[in-house]
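In what follows, a structure is listed as structure tokens, so that the remarks can point back to it.
These values consider heavy atoms only, across backbone and side chains, with no hydrogens, waters or symmetry-generated copies. Proteins get letters first, then strands, A, B, ... in listed order; numbering begins at 1 in each. Keep in mind that what you see is a predicted model, and the values were worked out from it rather than measured.
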Number of protein chains: 2
Amino acid sequence: MCPVRSPDVVSPSLTPTSYVVLGLVGAFGPCTSYNLKQFVSVSIGYFWPFPHSQLYAEPVRLTELGLLKEEQETTGRKRRTYKLTPAGREALGDWLAEPNDEPTEIRDLSVLKLFFGAQAEDGDVAAIARHAVDAHRRRLAEYEQIARNTGIEAHQRKTLEMGLEFERMAIAFWEGVATQ
Amino acid sequence: MCPVRSPDVVSPSLTPTSYVVLGLVGAFGPCTSYNLKQFVSVSIGYFWPFPHSQLYAEPVRLTELGLLKEEQETTGRKRRTYKLTPAGREALGDWLAEPNDEPTEIRDLSVLKLFFGAQAEDGDVAAIARHAVDAHRRRLAEYEQIARNTGIEAHQRKTLEMGLEFERMAIAFWEGVATQ
DNA sequence: GGGTACATGTAATCAGTTACATGATTTA
DNA sequence: TAAATCATGTAACTGATTACATGTACCC
């Protein structure tokens, strides 16, 4: 009586990259891979970086799955413009409606080096810490610059605030490490 | 006339996973993949997770590169035990001596969903935020439990403190999102 | 002595990265 | 008009993930 369902056919297992693309195309309206690349590089790319080639490859996959529709210019650069299909909008909406259980990953090579600091030479850890302080200060300055733009959508601003908080925390943390 | 060189032979380009394995074997002394797995799961695996199959595959690669030495039991389970070679210890030391320029990656699906919150239904974002508060509270409790152990090596404890700080920040952040 | 959790791996696939390539615009 | 730089992709490789498989010890 229970309906037979093949779970893997039902959910072709979209990756985070897939949802980034769906979300950006949804927020932007029709756009090219290059448009995506530009916006990513000053927004979510700070948290979740990936090379621009992904922003060319992923829309192709999503188009095959029927979640995006592609239109290619016939003249000039023959740019490919993507837009959400109804199925794509639904997939994005379903994903947004479902709370997340995957824990946060903080991938930071300086933290890895700190973790193994007992095996480093004297002074190495302090140097790493000073370097990290500088890097996080620069990153904080970038975020503050972006935050000066008053036209940012509310949720994106909230996300940016998380970034600001994180950088302040990281600066304080690494200062503590640097000064022993 | 210019000497033919294959650049990839010169720098075999170790990945972060490689250094995690080198660092763990260095810190532990000789150990099996399973030993690595166990320790990772209560330490650096919180920040930098990977499946246990990596901890079987990576030592094989490192052994081929001459950075680890493998010894296999001849009886019973025929476990493979790995230890650092001098070259391995040197590679680890060089890496630790070199400050890091790669920025931190904060990979968090809840943050992604927040970023695209404008396209979600009413209440979705608040639900995501409440879920995230719970998850970070649980994670904080885990970290506090680990921190009660007084025998942790100093650098590893420092790393844990970063985790504690991050979780406190995340809880406050998501509480702010949840209450609008 | 049967089940269940721990322990130890292998195989296949694929997303993601790196590197390459080239056309269009702008600028000096 | 030469040289940068912007824009737009493709190809190849491989590390990482997923899934499978099986042996061993313990406990009820």
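Atom CG of B/Leu55 is separated from atom C1' of D/dT17 by 13 Å (rounded to the nearest Å). The distance between atom NZ of B/Lys37 and atom P of C/dG9, rounded to the nearest whole Å, is 11 Å. Across the protein-nucleic acid pair, B/Glu58 atom CD and D/dG15 atom C1' stand 8 Å apart, rounded to whole Å. Regarding A/Gln54, its CD atom lies at a distance of 11 Å from the C1' atom of C/dC14, rounded to whole Å. As rounded to whole Å, 14 Å separates atom P of D/dT18 from atom CZ of B/Phe50. Regarding A/Arg107, its CZ atom lies at a distance of 12 Å from the C1' atom of C/dG16, rounded to whole Å. When rounded to the nearest whole Å, the span between OH of A/Tyr34 and P of C/dA24 equals 16 Å. Remark: P of C/dG16 and CD of B/Glu105 are 12 Å apart, rounded to the nearest angstrom.
Less than 6.0 angstrom separates the ring centroid of B/Tyr46 from the ring centroid of B/Tyr143.
Salt bridge status for B/Arg139 with B/Glu144: absent, with no side-chain N to carboxylate O gap under 4.0 Å. The pair A/Arg79-A/Glu70 fails the salt-bridge criterion, with no side-chain N (NZ, NE, NH1 or NH2) lying under 4.0 Å from an Asp/Glu carboxylate O.
The aromatic rings of A/Tyr19 and A/Trp95 sit parallel to each other, their planes meeting at less than 30°, with 60° as the upper class boundary.
Between A/Thr17 and C/dG16 there is a side-chain N or O to OP1 or OP2 distance below 4.0 Å. One finds no side-chain N or O of A/Gln38 lying less than 4.0 angstrom from the OP1 or OP2 phosphate oxygen of D/dC6. Between B/Arg79 and the phosphate of C/dT8, there is a side-chain N or O to OP1/OP2 separation shorter than 4.0 Å.
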Polar atoms only, N or O, under 3.5 Å: list the protein pairs with nucleotides 10-12 of chain D and their distances.
residue : atom : partner : partner atom : Å
D/dT10  : OP1  : A/Arg80 : NH2          : 3.3

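Linking ILVMFWY residues whenever their side-chain heavy atoms come closer than 4.5 Å, directly or via other members, leaves A/Tyr56 and A/Val20 in distinct clusters.
The nearest heavy atom of DNA chain C to A/Thr15 and to B/Ser33 marks one nucleotide each, and the one closer to the 5' end goes with B/Ser33.
A donor-acceptor pair shorter than 3.5 Å can be found between the side chains of A/Glu58 and A/Ser18.
Atom CZ of B/Arg89 has 12 or fewer heavy atoms from other residues, nucleotides or ligands within 6.0 Å.
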